[in-house]
Amino acid sequence: MSLVAAANSSASSSVDTVTIDRRGVTSFSVAAPTGPSYMLNYYGGPLMTAPVNLYVIWYGNQWDSSLSQQLAFHTFLDNLSYGSWWQIMKQYKITQKMRFAGAVTAPKTGTTIDEAEIGPLIGGFVSRKVLPADPDALYIFVAGKDTLPKQMTTQQQAYCQVFCGYHSDFSDASTGYVNLKFTVQGLTCPYCGDANPWIALQMTSSHEISEAVTDPYVNQATVVGPPVAWYNEKYGEVADICNSMQGTSTNASGYTLIVQKIWSNAALACV
């Protein structure tokens, strides 16, 4: 979406027209960004500062042969905030942990699915009390192997053509709860950081989760100011700067996860 940049407290009163892109752009060719021009600025928007509960929505009709990979992904989510990668978040006022809190399967509703349909689909699970209306939740929507490239869309942009994943939020009138936060990713795009779709899922989901906690309501923004939180007006959010750059996260026990690198203001590099 195109937004007008609002001056921050140290800036002049002039404004520039910029584009805020909350999607992870598909790419194999990634430069290694370094230097102060990539630094994230804090624009005053809210953060996800309470412990985060991660709920997975497995969307599709072909999960019978994927149980072991699904369980491994649940374990990945449960460990994501306990390694070296998550320590970078302290620079952005994020100190809480996350946990995998549950999963549901959602049959396909049609050949294609748009963001405008994903929000109500998650809201349906909430209104039926299959999933909780949890203010500290992040709902992880994963489209399966029967959702092909270009069959997911957001803002008239297509999966695997423009984005690998994105994060957003919605309000659900049936529950009266507002600002339910979610991420979207798939399993059929070969351009999302790794040829193995399950490793690519870890990279895309870590990309979007890191952005959802540091900039949860960018979808609502009309200027580069609140509700925008941590953001770089030219290069985007904490993971956009390091798009498709594969990294690892190791915890105190030596358990290692494959993740997407994120930007470190302290290191002035992707870590």
Side-chain angles (χ1 to χ4, degrees), residues 21-30 54-81 83 85 98 100 102-115 117-118 121-122 138-154 157-168 182-212 239-240 242-250 255-262 270:
D21 190 346
R22 59 194 165 79
R23 302 176 297 270
V25 179
T26 323
S27 176
F28 276 128
S29 177
V30 181
L54 302 172
Y55 300 92
V56 180
I57 297 93
W58 295 105
Y59 176 75
N61 301 329
Q62 299 180 18
W63 295 112
D64 291 348
S65 62
S66 302
L67 180 59
S68 62
Q69 292 97 327
Q70 289 172 276
L71 293 175
F73 184 65
H74 298 165
T75 300
F76 167 82
L77 293 176
D78 212 31
N79 284 276
L80 188 57
S81 62
W85 178 82
M98 302 185 295
F100 167 71
V104 296
T105 300
K108 286 198 71 169
T109 57
T111 302
T112 62
I113 188 164
D114 185 71
E115 178 182 349
E117 300 167 285
I118 292 173
L121 187 151
I122 298 171
L138 187 56
Y139 302 95
I140 312 297
F141 180 94
V142 181
K145 60 186 178 182
D146 48 354
T147 296
L148 303 179
K150 302 182 184 180
Q151 290 183 347
M152 283 196 296
T153 54
T154 176
Q157 306 291 337
Y159 168 62
C160 203
Q161 186 175 53
V162 173
F163 68 89
C164 291
Y166 62 89
H167 69 95
S168 191
F182 65 97
T183 73
V184 174
Q185 42 272 301
L187 281 169
T188 58
C189 183
Y191 308 123
C192 297
D194 198 278
N196 181 323
W198 293 94
I199 298 299
L201 176 62
Q202 291 182 196
M203 293 185 64
T204 303
S205 60
S206 59
H207 175 132
E208 299 304 335
I209 289 169
S210 68
E211 294 181 342
D240 292 330
C242 311
N243 191 58
S244 295
M245 296 177 67
Q246 191 170 117
T248 58
S249 180
T250 304
Y255 186 70
T256 299
L257 304 174
I258 296 176
V259 294
Q260 191 205 277
K261 292 183 178 182
I262 55 178
C270 293

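Computed from a predicted structure; not experimentally measured.
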*Please test F182 against L121 for side-chain contact (heavy atoms from CB on, under 4.5 Å), starting from the C-alpha separation and ending with a verdict.*
CA-CA 11 Å; F182 65 97; L121 187 151; over 6 Å; no

*Might you work through the side-chain contact (heavy atoms from CB on, under 4.5 Å) test for T154 and V162, ending with a clear yes or no?*
CA-CA 10 Å; T154 176; V162 173; over 6 Å; no

*asked:* Applying side-chain contact (heavy atoms from CB on, under 4.5 Å) to H167 and I209, what does each step give before you reach the verdict?
replied: CA-CA 8 Å; H167 69 95; I209 289 169; over 6 Å; no

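Residues S168 and E115 have side chains that bring a donor and an acceptor to within less than 3.5 angstrom of each other. Between the side chains of E211 and H207, at least one donor-acceptor pair of N or O atoms lies under 3.5 Å. Y191 and S244 form no side-chain donor-acceptor contact under 3.5 Å, judged by distance and modelled atom types alone.
Residue Y139 is tested with Y59, W58, Y55 for a ring-ring contact (aromatic ring centres under 6.0 Å, His included); the sole match is Y55.
I122 CD1 to E117 CD: the interatomic distance, rounded to the nearest 0.5 Å, is 12.0 Å. Remark: D240 CG to S210 OG distance equals 8.5 Å, nearest 0.5 Å. Note that CD1 of I199 and CD of Q69 are 10.5 Å apart. Values are rounded to the nearest 0.5 Å. Distance check, rounded to the nearest 0.5 Å: OG1 of T248 to CG of L257 gives 9.0 Å. We find the CZ-OH distance between F141 and Y166 to be 7.5 Å, quoted to the nearest 0.5 Å. Annotation: the span from I118 atom CD1 to I113 atom CD1 amounts to 4.5 Å, rounded to 0.5 Å.
Legend: residues meeting side-chain hydrogen bond (donor to acceptor under 3.5 Å, both in side chains) with Q202, ordered by chain and number and at least two apart, are absent. Contacts of F76 classified as ring-ring contact (aromatic ring centres under 6.0 Å, His included), with partners at least two apart in sequence or in another chain: F73. Qualifying side-chain hydrogen bond (donor to acceptor under 3.5 Å, both in side chains) partners for D114, counting only residues two or more places apart in sequence or in other chains: T153. In this structure, Q62 has no side-chain hydrogen bond (donor to acceptor under 3.5 Å, both in side chains) partners at least two apart in sequence or on a different chain. Among residues two or more places apart in sequence or in another chain, the side-chain hydrogen bond (donor to acceptor under 3.5 Å, both in side chains) test is passed with S206 by none.
Here the side chains of F100 and L80 are not in contact, with every heavy-atom distance at 4.5 Å or above.
In terms of heavy atoms, G247 sits closest to K261 at CA-CG, 3.9 Å. Summarising the geometry of T204 relative to C164, their closest heavy-atom pair is CG2-O, 3.6 Å, with the distance given to 0.1 Å. In plain terms, the two heavy atoms of K108 and G60 that are nearest each other are CG-CA, 3.5 Å. Q70 approaches W63 most closely through the heavy-atom pair OE1-O, 3.6 Å. Scanning all heavy atoms of the two residues, the minimum distance from A103 to H74 falls at CB-NE2, 3.7 Å. Closest non-hydrogen pair, G186 versus Y159, comes out as C-OH, 3.3 Å.
Residue pairs satisfying the side-chain hydrogen bond (donor to acceptor under 3.5 Å, both in side chains) criterion with at least one member in residues 140-151, sequence neighbours excluded, are listed as follows: S65-K145.
Pairing of C160 with C192 by a disulfide is not supported, the SG atoms lying 2.5 Å or further apart.
The backbone N or O of V259 lies less than 3.5 Å from no partner atom in the side chain of Q246, so there is not a single donor-acceptor pair. Formation of a donor-acceptor pair under 3.5 Å by the Q161 side chain with backbone atoms of P149 is not found in this model.
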